[in-house]
Amino acid sequence: MTQTKKSSSQSMWNGKIVRRALVDSLIKLSPRTMMRNPVMFVVEVGSILTTLLLLQDKTTFSFNLQITLWLWFTVIFANFAEAMAEGRGKAQAETLRKTKSETVAHKLLEKGGIQDIPSSVLRLGDIVLVSACEFIPGDGEVIEGVASVDESAITGESAPVIREAGGDRSAVTGGTRVLSDQIKVRISSNPGETFLDRMIALVEGAERQKTPNEIALNILLAGLTIIFLLAVVTLQPFAIYSGSPQTVFVLVSLLVCLIPTTIGGLLSAIGIAGMDRLVQHNVLAMSGRAVEAAGDVNTLLLDKTGTITLGNRQAAEFIPAPGIPAAQMADAAQLSSLADETPEGRSIVVLAKNKYGLRGRELASHEAEFVPFSAQTRMSGVNLDGREIRKGAVDSISKYLNQHGTSMPREVVNVVENISRSGGTPLIVVENRRVLGVVYLKDIVKGGMRERFDHLRAMGIKTVMITGDNPLTAAAIAHEAGVDDFLAEATPKDKMDLIRREQSQGKLVAMTGDGTNDAPALAQADVGVAMNTGTQAAKEAGNMVDLDSNPTKLIEIVAIGKQLLMTRGALTTFSISNDVAKYFAIIPAMFAGTFPVLNALNIMHLRNAQSAVLSAVIFNALIIVALIPLALRGVSYRALSAESLLRRNLLIYGLGGLVVPFIGIKLIDLFITKIKLV
Amino acid sequence: MTMNGWIQIIVFLGVIFLIAKPLGIFMARVFDREKTFLDPVLRPVERILYKLTGVNESEEMKWGEYCISMLIFSLVSMLVLYLIQRGQGLLPFNPQKLAGVAPDLAFNTAASFSTNTNWQSYTPETTMSYFTQMAGLAYHNFMSAAVGIALAIAFIRGVVRREKETIGNFWVDMTRATLWILLPMCFIFALALVSQGVVQNFRAYDTVKLLEPQHIQKTGADGKAVTQTVSEQVIAQGPVASQEAIKMLGTNGGGFFNANSAHPFENPTPFSNFLQMLAIFAIPAGLTYTLGIMTGAKLHGWAVWSAMAILFLAGVTVAYWAESQANPLLHGVDQHATLMQSGGNMEGKEVRFGIADSALFATVTTDASCGAINGVHDSFMPLGGMVPLVNIMLGEVVFGGVGSGLYGMLIFVVLTVFIAGLMVGRTPEYLGKKIEAYDVKMAMLSVLIFPLTVLVFTAISSAAPSFGTSATSNSGPHGLTEILYAYTSTVGNNGSAFAGLSANTHWYNVSLGISMIFGRFLVIVPMLAIAGNLAQKKAIPPSLGTFPVTTPLFTLLLVSVIVIVGALTFFPALSLGPILEHLLMNAGKAF
């Protein structure tokens, strides 16, 4: 993840993308395209107006020309911002699309036989045969066979994965390569409707649907534009009344400076960049709406295994029975686990090695007979030089001891109860029917999870851990990990009920899932992130797919959603605050000619009327360019409460928006009067 | 500025703070239909009224029905007032035998009183009969105020209700606002005013001999100067106290006399002056606490109250400061405040009120959409006169009109929550209700109508010498301010006159009438649409991630949005009006 971020910041001004964006920003001048953005459309109309009037007045031609040029620049800069965001999105999509290279599909015909057709004409429900070393022609589900598949093109993970018919590992993605064996795949989408297609459409501007918040913000900006249009249009009669009529150039300049061009020009770039950031995290979203919803999430449902804890339980401690030396017990435990390939078994070997310096021994020289775990005895162990070592769960060992006429010592029973109470799993080790001690297996909570949950809590997001464990174990792990709540012995129905319950309180719920039995819950959740390794059903039910299949990523997705909204809000505030300074630049410039006393309002001491107007217009255009990196990167995001976030962002973008243009306009004024532009 | 002046201002704000809570609790009980101490008397009356009018008091209305009921009610009563004025010559209680009112003026006045504006293009004592004043104008003073309160309550219900279609019953809300709130308060307030010397009678006007005959210079028919000696004065009479009570409590502001609250029969003493200012702010301030109770977020109510109080203090400070300044055009005159003289600019002010109470009254009456005056705003210093103007431009939300102040303020709250809410990284929400495209659209429509109407009409008038600028009595920036003030006052439903504009012309009567109707109803319709839309939404429970609407930070933000939206829209016009006039005055030029 850090790597993707680094590469993205390097490519922010990637030459190829910039060149393409420059061309695109001119193409986007077409009024039909501009109409989509009411604020910038008004600027374009103003630019056209001043261009048409350019030759009317020769006396102030130089000033009029400069104003007109900068008005056009304003439009072009805004287009450039959008084109840059699109360009970066496209570049991202391009890498994804490479995986979509045209392949030949072997379509199985209903009446039997095979027809070779291009993958692009495959339709929903078609069944294709894919053999070793061939590319899978489209997204689908394995209906027959098992194969190892190289999915590195999508996930970047080089180790091949197993895909097989039935169960939770049946989904395959178009563009990935079968390495061995042969499978039959039922295609699950029509051409142009695959996940990849949808994602490409989301980062490419033309097809992009505006998201709900973006629509609302656009209405606000259009409303403000109308208000300022009124203020400027009616200013001319007031000016005439006062005996100081204004030129169209000055009036258009005032209008363009007042309407929220900064946010208006950057709004779509912010939206596209938000989607792009998601792709950089290897997450595909079905809609922009889903990304926004991620920012609004109130409750996160997180699967315990793989998200909160490392995949499996691990040995944490050896607790010997009374009278048994710890080293002897560790030795027996290690011996019994040498052939145990389960993660639990391996962790016992490792713990014995780390704690007691017992190294894995070569047992070939001994008469070693390994007893594998069986469903009947539910124990495993080793018979070695007359030693009969067994380890297993409490009840199976009890049964084993009872059969041989002995029982568990009182002290060991106490230890076992303690471990169970604290959420661990006890394993009993016996040698020749004598209890040596207890291995304490516990779930290991991933590092740093507690801090992340604390952050989420500070942001008002509740985390709920979902686990199949019994309530006792679940409670202990929940406590250790620092989640707010847990759902123990969870069935798919329980999960669904939990989501419904939260939603009925007006909350938005996000969850991850991979299995087919997760599909209803994924569909019900407001943000459902399906793992790419999951079933087709799960992927279709969710509204995002994580190509890395990393359930922890849900937290990043929430952050991306929030960052998207924050960036919009921050730049809106900045844009509106800017107007104060622009008034102080332009109003005295307009009327001080007739009423020199109005120079009292020229608090920036701008050189003259022309330089004041021009400086404001130049600042207004340049600030768009200056803020493109911020729009593309998003405002810096911290996990803070709403109150602290608001205070922080208000200080930076509200107060900053008030102060920055005073300084900027003054500097531009100094510069352009120095080089005698006016 | 004097210590005495400041103490009066602070005591005033302190009393407004103290009465907000008890009044707010009472109003919340009235509209939640809980028991109040007035029930034994008023419930039977209420039941009879519903029986007579066929209102089913348990029936609830969707926002559309609520809105249409309100519009029909206002339209019909506007029409009735028009007819009363036209036919007052045939109607009783007309000892002065005043003739019917001209059509354009009658339209203007009907629009004015049914929109709670009380703009008066006429001189009441020589135009309106007692019958018109009481059955026509005073009736509207009650009804337009009751409508305002009902609408504010309907909006609050929209915020509070969850997944509901309805926002209350217009007829019930209006009836209860009148019976439980306006009538009892007016009854007590009128008695208090009578105790201070406000008249209450139905007598014909008195004619008295002047102690000192006045000599008036006039131009005779032949164009030569003639001196006329006046030795008698007609003193107007009437049922003033009862009118005065609702004029203030209902933030109506339409004076019984032309001089309004500067007239000694309307506002005889500094104490009656203090009571009148309290009456203006009482209900609007109380409604902020009602908001807090009904939404279950009392701190939110106080946050809104604080935003209003900050804007009020800012206004009164500038006005008091500006009026305390010496007039730079009066060279060599001692204009300092001493024990023997008030100092500052006393032109157009009553001696019994002085600088502080005049500046305070001007601020209060324009913060709220009252529009009563106890001094002439036209005679204020340019910046002092700008304060009333700017107060109205902010949208009449600084306590504001009864009801209309609160719902106007809540529209700004919606916008504030939307603009700043995004900055906390969530879809903006107001007290658990998401603010989405539809709400923003309606809020913008509602906010847009104010500058649209003001600026367009002012622009037309200032560019038209024949019917626009000809009515101003001053030239230059001051003349522009006079026109701007008239439209701002009417669209804002304030009704105070800057004076100096002879508004009783066809153009001004009609355009100002339209302004009042636009400023009232075109704001209300989208406002109710938001209420209806919010009522249908689910409520999201508050968390640490929720945008805070109860904190000082929120108050600050709300104030900034109101100031920026108001100031940014009108700054160009203001800079050519009062600001330019102020700067020119300092440079020695007057208009």
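Here is how names work: the chains are called A, B, and so on, in the same order as the sequence lines, proteins then strands, and each is numbered from 1.
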- request: Counting only heavy atoms closer than 4.5 Å, note whether A:Leu601 contacts chain B via side chain, backbone, both or neither.
  value: side chain
query: If you count heavy-atom pairs under 4.5 Å between each of A:Ile240, A:Leu650, A:Ile215 and chain B, which one has the most?
result: A:Leu650
message: Heavy-atom cut-off 4.5 Å, strictly under: side chain, backbone, both or neither for A:Arg648 against chain B?
response: neither
query: With only heavy atoms counted, which part of B:Met444 is less than 4.5 Å from chain A, the side chain, the backbone, both or neither?
result: side chain
Interchain contact, B:Thr469 with chain A, by part (heavy-atom threshold 4.5 Å): side chain
message: Do the side chains of A:Glu292 and A:Arg568 get close enough for a salt bridge, i.e. N-O under 4.0 angstrom?
response: yes
field: chain A contact via B:Leu445 - which portion, at a heavy-atom distance below 4.5 Å
entry: neither
message: Report which part of B:Ile579 has an atom under 4.5 Å of a heavy atom belonging to chain A: side chain, backbone, both, or neither.
response: side chain
- prompt: Any chance the side chains of A:Tyr583 and B:Ser575 put a donor and an acceptor closer than 3.5 Å?
  reply: no
task: Mark yes when over 12 heavy atoms from residues, nucleotides or ligands other than A:Phe453 sit less than 6.0 Å from its CZ; otherwise mark no.
output: yes
- prompt: How long is the span from the OG1 atom in B:Thr569 to the CE atom in B:Met393, to the nearest 0.5 Å?
  reply: 9.5 Å
task: Taking only Lys NZ, Arg NE, NH1 and NH2, and the carboxylate oxygens of Asp or Glu, determine whether B:Lys537 and B:Asp439 approach each other closer than 4.0 Å.
output: yes
Per-residue contact mode, B:Phe554 against chain A (heavy atom under 4.5 angstrom): neither
- line: When the 4.5 angstrom heavy-atom criterion is applied to A:Leu564 and chain B, the contacting part is neither
statement: When every non-hydrogen atom of B:Arg426 is compared with those of A:Lys562, the smallest separation belongs to CG-NZ, 3.3 Å
Segment of A:Leu220 engaging chain B (4.5 angstrom heavy-atom cut-off): both
task: Check whether B:Thr551 gets within reach of chain A through its side chain, its backbone, both or neither, counting any heavy atom under 4.5 Å.
output: side chain
query: With chain A, which of B:Leu568, B:Asn586, B:Leu455 has the greatest number of heavy-atom pairs at distances under 4.5 Å?
result: B:Leu568
query: Checking heavy atoms, do the side chain of B:Leu480, its backbone, both or neither come under 4.5 Å from chain A?
result: both
- line: Given A:Asn298, A:Val233, A:Val580, A:Thr572, the one with more heavy-atom pairs under 4.5 angstrom with chain B than any other is A:Asn298
query: Would A:Lys582 and A:Asn620 count as having a side-chain donor-acceptor pair, cut-off 3.5 Å?
result: yes
Interchain contact, A:Ile586 with chain B, by part (heavy-atom threshold 4.5 Å): neither
- line: Scanning both residues in full, the closest heavy-atom pair of A:Met604 with A:Ala581 reads CE-O, 3.4 Å
- prompt: Among A:Ala642, A:Gly506, A:Gly654, which residue forms the greatest number of heavy-atom pairs with chain B at distances under 4.5 Å?
  reply: A:Ala642
message: Taking every non-hydrogen pair under 4.5 Å, which of A:Asp296, A:Leu645, A:Ile461 racks up the most with chain B?
response: A:Asp296
field: Among A:Asp579, A:Leu571, A:Thr225, the one residue meeting side-chain contact (heavy atoms from CB on, under 4.5 Å) with A:Pro260
entry: A:Thr225
message: With a 4.5 angstrom heavy-atom cut-off, is it the side chain or the backbone of B:Leu415 that approaches chain A, or both, or neither?
response: side chain
statement: Turns out that what part of A:Phe591 lies under 4.5 Å from chain B's heavy atoms comes down to side chain
task: Tell me, out of B:Ala463, B:Ala587, B:Pro451, B:Pro541, who's got the most heavy-atom pairs with chain A below 4.5 Å.
output: B:Pro541
- line: The reported gap from CZ in B:Phe571 to CG in B:Leu576 (rounded to nearest 0.5 angstrom) is 10.0 Å
- line: So, the part of A:Val297 with a heavy atom under 4.5 Å from chain B: the answer is backbone
field: Contacting moiety of A:Ala600, where chain B heavy atoms sit under 4.5 Å
entry: side chain
